[in-house]
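Labels below follow one simple rule: chain letters A, B, ... track the order of the sequence lines, proteins then strands, and each chain is numbered from 1.
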Amino acid sequence: MKLGPFPIWPQLAASEAGGVDFVTLVVLGICSFFALAVLFCMVFFLVLYRQGSPADRAAPPLSNNRLEIGWIVLPTLLSLGLFWVGAREYYRLYQLPESTDVTVDVVGKQWMWIAHYSNGTKEINRLHLPLGKRVTLRMISQDVIHSLFIPDFRVKHDVLPGRYTYLWFQPTRVGQFRLFCAEFCGTSHAAMGGWVEVMTPEDFQRWQDGGQVDPVQRGKLLFQQHGCQGCHEGSVAAPRLQNLAKADEDDLRRSIVDPNAEVVPGFQSIMPSYAGRLNEEQILDLIAYLRSRP
Amino acid sequence: MTSYLSGPVSWKAWLLTEDHKRIAWLYLISISVFFVIGGLAATLMRLELATPAGDLVEADIYNRLFTLHGTVMVWLFLIPAIPNTLGNFLLPLMIGARDVAFPRLNLLSWYVFSAGGLLVLWSLLAGGVDTGWTFYTPYSTTYTNSHVILMAAGIFVTGFSSIFTGLNFMVTIHKMRAPGMTWFRMPLFCWSLYATSLIMVLATPVLACTLILIAAERLFGVGIFDPALGGDPLLFQHLFWFYSHPAVYIMILPGMGVVSEILPCFAGRPVFGYAYIAVASLAIAVLGFIVWGHHMFVSGQSLYAGLIFSFLSFLVAVPSGIKVFNWTASLYKASIRLQTPMLYALGFIGLFTIGGLTGLFLATLAVDVHLHDTYFVVAHFHFIMVGGMLMAYLGGLHFWWPKMTGRLYHEGLGKMSALLIFLGFNLTFMPQFLLGYLGMPRRYHSYPPEFQLYNLLSSAGATFLAVGYLLPLTYLTWSLFRGTRSEENPWDAHHGLEWAASSPPPAHNFVEPPRLEDLDWGMAPLLTSVRLGGAL
Ligand code: HEM
Ligand SMILES: [Cu+2]
Ligand SMILES: [Cu+2]
């Protein structure tokens, strides 16, 4: 949701997202009440009792046990209420359902998410999911702790080495939703993200059957497998390859097969040529991927 | 009477001083240096985050910057900030003592602190550390190739200075109060220092052990935290937060104490609910020890552990609430003067309230699943630690500056910077709440373009904030040499033994040990607290 140029609320795209938002709004309501009450009293007193004002100041009270007990008991009761509302929803989020429709294995490793589907399909930094089906992710890390986070689903769970952790949800909207790593995991932590792509169950079936991995995905894989990432997202002085959506495809292709032909100003010509190492199909995939980078 | 400042002024006299007031200055100077270093790191980070692309510094550098910023600000600035500067200076004065119980231990504490600080700086020069101030395993023990051991050693060493100071303050408060200075006559600042010291003494050793375990795994491959070696990574988080949650109260209780002193002075009436505020400090210190698991709601700890920790976390918010309500009530039937320290104190109450209330969002389980490790958490703790503690620190510094230096600063500049800091702070951190709910994770070197607007606002706010901090640095320093001389009690404070001493105080504080019965300089609040104490 947006207010003019200001985004103010994330999309709701999974079964429990509404429940979490509801709890958030309850907390927001109670907290706003206290914040505004304190603010109001402060401003009121500041104006009324500013030095030199004619207000009545006779015998300012030093303590009042009734008042104190009131503002101990009321917040305590309200917070117990909050605890309860939050705990119920948490239980729903984290208690795995008895049965699920789709289970995806997710491996986190520095710095990518690898998803394995039961039919052997494998993808990186992208998660294809069927609309309205109960999905369980079985997650584990190859190395350090990561955390799988899909804001539009309001779900998050750490992904640990040496032990499976799980997350379940039911996508309620077709579309693309961001996927992040939320636990700091080293150099390219910020790049360890991708997209969740929710499709209708029929499309999902077709996708799984045909292995119709889109070129951007294949390109991204190549980008990682051929060491591009090491330079372009690592600590080497290389361009960050961003905002290439409108770049000319011939230029991009030349940058890959003959990088020395036109060196980007301000950089050394250290990029190796990939002519002969990548076939044209792969280069097309790479270009598709490069253009898709934000 | 010669003041403590006009005694011997050689380097040696300062560096070997056992006077708590001079040691306070040693600390003040050290932590100011660390504050500047931590601030520079933050400036670079905010510059980097002005645009979505990671274009200003490399990812590895960015990761080192936020680690440096967190470590320096937490351990080398905030934890010692109020206790070791204002606390050192004021505690003996406030309870009518000549010094702290162990003056030499006090000096040692500063040396140990400096040694630890130098180790941390060394780790920085050697190439930095990129684990975040939280050192999560197994990244910190097995995977990173940065200088974890050096930095951990630095923190380990500074930990001892915390312990020394904590011990010293506790013994001082138990044993050195002037005749007639009963517990419930003590200024609230002393109560907050007592609660803080309790945490320092009980929690810091756990941090020390944890750091040793990290070193053991990293250096010798002893499998403690890394599952590849047979360890458990969650064990680390439990140990770390068992220290670090109480530590966040080390970083706020003294600020609450400062505000409880400033407020009645400029409200021209005693604080409301003295005993409740005093006891709330202790309650926070105690309850703070049993809520650490709220940092681990999504970590893979048991679901039921999550339930219990959430429940307890709500309880710990109650005493903080009590304080806010009592402070607000202290403005009732007051006669309010909006001078610089008061502006800071009011800013503290506002920002701390928001910081504490957003803590409730995070303590609410389902909401925390969404908000954990996002910018919402970053905003939450900055509201408390910067909006709260740092405001209180600056407020206290301005409040007691005439006492510490014998000079007055420029009131107009003081007010202006307080206002600038308040506005700059809100512009910097308010947008981060929204960023967090929208889903921007923390510790990101680059981010998706849809988050840019709020990041830009935040970076813009940081600019104002930076100017706001530089101002006091300059006019306070200037006033040291050129400020008009201050009298004993420049604010017409009606309570607090420190205002009975000259400005600046003589080396031994009081010519004769003060007897509370004899005080006849308008100590109404102290007398009322006597009545209250009697009622309790
Ligand atoms: C009023 C009661 C408070 C409550 C209920 C509360 C609650 C929480 C919770 C649940 C978290 C974990 C959030 C997460 O990581 O997902 C958190 C984080 C944090 N809080 Fe608070 N908090 C309170 C007060 C404070 C105070 C007084 C301070 C500091 C002076 C503080 C500093 C922090 C810090 C530093 C973190 C984040 C640590 C990190 O992950 O780097 N909090 N708080
Ligand atoms: Cu990560
Ligand atoms: Cu905590």
Query raised in the report: Side chain, backbone, both or neither: which part of B:Phe272 has a non-hydrogen atom closer than 4.5 Å to chain A?
Result: both

Query - Contact origin within A:Leu39 toward chain B - heavy atom pairs under 4.5 Å - result: neither

Report task. Would you check if the distance from the ring center of B:Phe361 to the ring center of B:Phe433 is below 6.0 Å? Result -> no

Query raised in the report: Without hydrogens or angle criteria, can the side chains of B:Ser299 and A:Asp158 be said to hold a donor-acceptor pair below 3.5 Å?
Result: no

Query - Residue selection (most heavy-atom pairs with chain B, distance under 4.5 Å) from A:Leu48, A:Val23, A:Asp143 - result: A:Asp143

Query raised in the report: Is there side-chain contact between A:Trp113 and A:Val159, with heavy atoms separated by less than 4.5 Å?
Result: yes

Report summary line: Turns out that what part of B:Phe225 lies under 4.5 Å from chain A's heavy atoms comes down to neither

Query raised in the report: Which bit of B:Val318 comes within less than 4.5 Å of chain A, counting heavy atoms only: side chain, backbone, both or neither?
Result: side chain

Query - Nearest non-hydrogen partners of B:Ser310 and B:Leu365, listed with the distance - result: CB-CG, 3.5 Å

Report summary line: dist B:Ile61:CD1 -> A:Thr187:OG1 (nearest 0.5 Å) comes out at 10.5 Å

Query raised in the report: Do the ring planes of A:Phe34 and B:Phe325 sit parallel (below 30°), tilted (30 to 60°) or perpendicular (above 60°)?
Result: tilted

Query - Verdict with reasoning, A:Asn65 to B:Tyr276, per side chain to side chain donor-acceptor pair (under 3.5 Å) - result: CA-CA 9 Å; A:Asn65 287 337; B:Tyr276 288 93; 2.6 Å; yes

Requested in this report: Could you tell me which portion of B:Tyr62 (side chain, backbone, both or neither) has an atom closer than 4.5 angstrom to a non-hydrogen atom of chain A?
Outcome: neither

Report task. Could you look at A:Leu28 and say if it's the side chain, the backbone, both or neither that has a heavy atom under 4.5 Å from chain B? Result -> both

Query raised in the report: Can a donor-acceptor pair be found between the side chains of B:Asp226 and B:Thr142 at a distance below 3.5 Å?
Result: yes

Report summary line: Whatever's closer than 4.5 Å to a heavy atom in chain B on A:Tyr166 counts as neither

Query - Structural part of A:Tyr94 lying under 4.5 Å from a heavy atom of chain B - result: both

Query raised in the report: Where does A:Glu16 contact chain B at under 4.5 Å (heavy atoms): side chain, backbone, both or neither?
Result: neither

Requested in this report: With a 4.5 angstrom heavy-atom cut-off, could you sort out which part of B:Leu346 is near chain A: side chain, backbone, both or neither?
Outcome: both

Report task. Please flag which part of B:Leu312 lies under 4.5 Å from any non-hydrogen atom of chain A: side chain, backbone, both or neither. Result -> neither

Report summary line: The interface call for B:Pro431 against chain A, heavy-atom contacts under 4.5 Å, is neither

Requested in this report: Spell out, as yes or no, whether a donor-acceptor pair under 3.5 Å connects the side chain of B:Arg442 to the backbone of B:Gly436.
Outcome: no

Query raised in the report: Are any non-hydrogen side-chain atoms of A:Met112 and A:Lys220 less than 4.5 angstrom apart?
Result: no

**Report entry** Side chain, backbone, both or neither of B:Phe266 within contact of chain A (heavy atoms, under 4.5 Å)
**Finding:** neither

**Report entry** Interchain contact, A:Arg163 with chain B, by part (heavy-atom threshold 4.5 Å)
**Finding:** side chain

Query - Heavy-atom pair count under 4.5 Å with chain B, highest-scoring of A:Ser147, A:Ala58, A:Ser188 - result: A:Ala58

Query raised in the report: Considering only heavy atoms, which portion of B:Ser140 lies under 4.5 Å from any heavy atom of chain A: side chain, backbone, both, or neither?
Result: neither

Query - Side chain, backbone, both or neither of B:Gln452 within contact of chain A (heavy atoms, under 4.5 Å) - result: neither

Query raised in the report: Which of the residues A:Val26, A:Val155, A:Asp21 is involved in the greatest number of heavy-atom pairs with chain B at under 4.5 angstrom?
Result: A:Asp21

Query - chain A contact via B:Ile354 - which portion, at a heavy-atom distance below 4.5 Å - result: neither

**Report entry** Which portion of A:Leu80 sits near chain B, non-hydrogen atoms under 4.5 angstrom
**Finding:** side chain

Requested in this report: Give a yes or no on whether the backbone of A:Lys156 and the side-chain of B:His370 come within a donor-acceptor separation of less than 3.5 Å.
Outcome: no

Query raised in the report: Does B:Tyr139 have its ring centroid less than 6.0 Å away from the ring centroid of A:Phe184?
Result: yes

Requested in this report: Could you tell me if the ring centre of A:Phe153 sits under 6.0 Å from that of A:Phe177?
Outcome: yes

Report task. Flag the one option from B:Pro227, B:Pro441, B:Ala334 with the top tally of heavy-atom pairs under 4.5 Å to chain A. Result -> B:Ala334

Query raised in the report: So do A:Val196 and A:Phe169 actually touch side chain to side chain, heavy atoms under 4.5 Å?
Result: no

Query raised in the report: Side chain, backbone, both or neither: which part of A:Leu160 has a heavy atom under 4.5 Å from chain B?
Result: side chain

Report summary line: Applying a strict 4.5 Å limit to non-hydrogen atoms, the region of A:Glu183 in contact with chain B is both

**Report entry** Considering all heavy atoms, the nearest B:Phe376-B:Thr358 contact
**Finding:** CE2-O, 3.8 Å

Query raised in the report: Between B:Leu307 and chain A, which part of the residue has a heavy atom less than 4.5 Å away: side chain, backbone, both or neither?
Result: both

Report summary line: Most contact-rich option vs chain B, by heavy-atom pairs under 4.5 angstrom, among A:Glu89, A:Arg50, A:Met42, A:Arg178, is A:Arg178

Report summary line: In B:Thr131, B:Thr67, B:Asp130, the residue satisfying side-chain hydrogen bond (donor to acceptor under 3.5 Å, both in side chains) with B:Thr144 is B:Asp130

Query raised in the report: Any idea which of B:Thr328, B:Thr364, B:Leu435, B:Val369 has the most non-hydrogen atom pairs under 4.5 angstrom with chain A?
Result: B:Val369

Query raised in the report: Heavy-atom distance under 4.5 Å between the side chains of B:Tyr143 and A:Cys185, does that happen here?
Result: no

Report task. Between chain A and each of B:Leu438, B:Val367, B:Leu338, count heavy-atom pairs under 4.5 Å; write down the option with the most. Result -> B:Leu438

Query raised in the report: Which residue out of B:Asp55, B:Leu303, B:Thr353 racks up the most heavy-atom pairs below 4.5 Å with chain A?
Result: B:Leu303

Query - Contact leader toward chain B among A:Glu68, A:Arg154, A:His189, where contacts are heavy-atom pairs under 4.5 Å - result: A:Glu68

**Report entry** Most contacts with chain B, counted as non-hydrogen pairs under 4.5 angstrom, among A:Gly162, A:Gly193, A:Ala182
**Finding:** A:Ala182

Query - Any A:Val38 side-chain heavy atom under 4.5 Å of B:Trp327 side chain - result: no

Query raised in the report: Counting only N and O atoms by type, is there a donor-acceptor contact under 3.5 Å from the side chain of A:Arg88 to the main-chain atoms of B:Ala366?
Result: no

Query raised in the report: With a 4.5 angstrom heavy-atom cut-off, which part of A:Pro294 approaches chain B: side chain, backbone, both or neither?
Result: side chain

Requested in this report: Using non-hydrogen atoms and a 4.5 Å limit, figure out which bit of A:Asn243 sits close to chain B: side chain, backbone, both or neither.
Outcome: neither

Query raised in the report: Is there side-chain contact between A:His157 and A:Trp168, with at least one heavy-atom pair below 4.5 Å?
Result: no

Query raised in the report: Under a 4.5 Å heavy-atom cut-off, does chain A meet the side chain of B:Asn326, its backbone, both or neither?
Result: both

**Report entry** Residue part contacting chain A, namely of B:Phe451, when any heavy atom lies under 4.5 Å
**Finding:** side chain

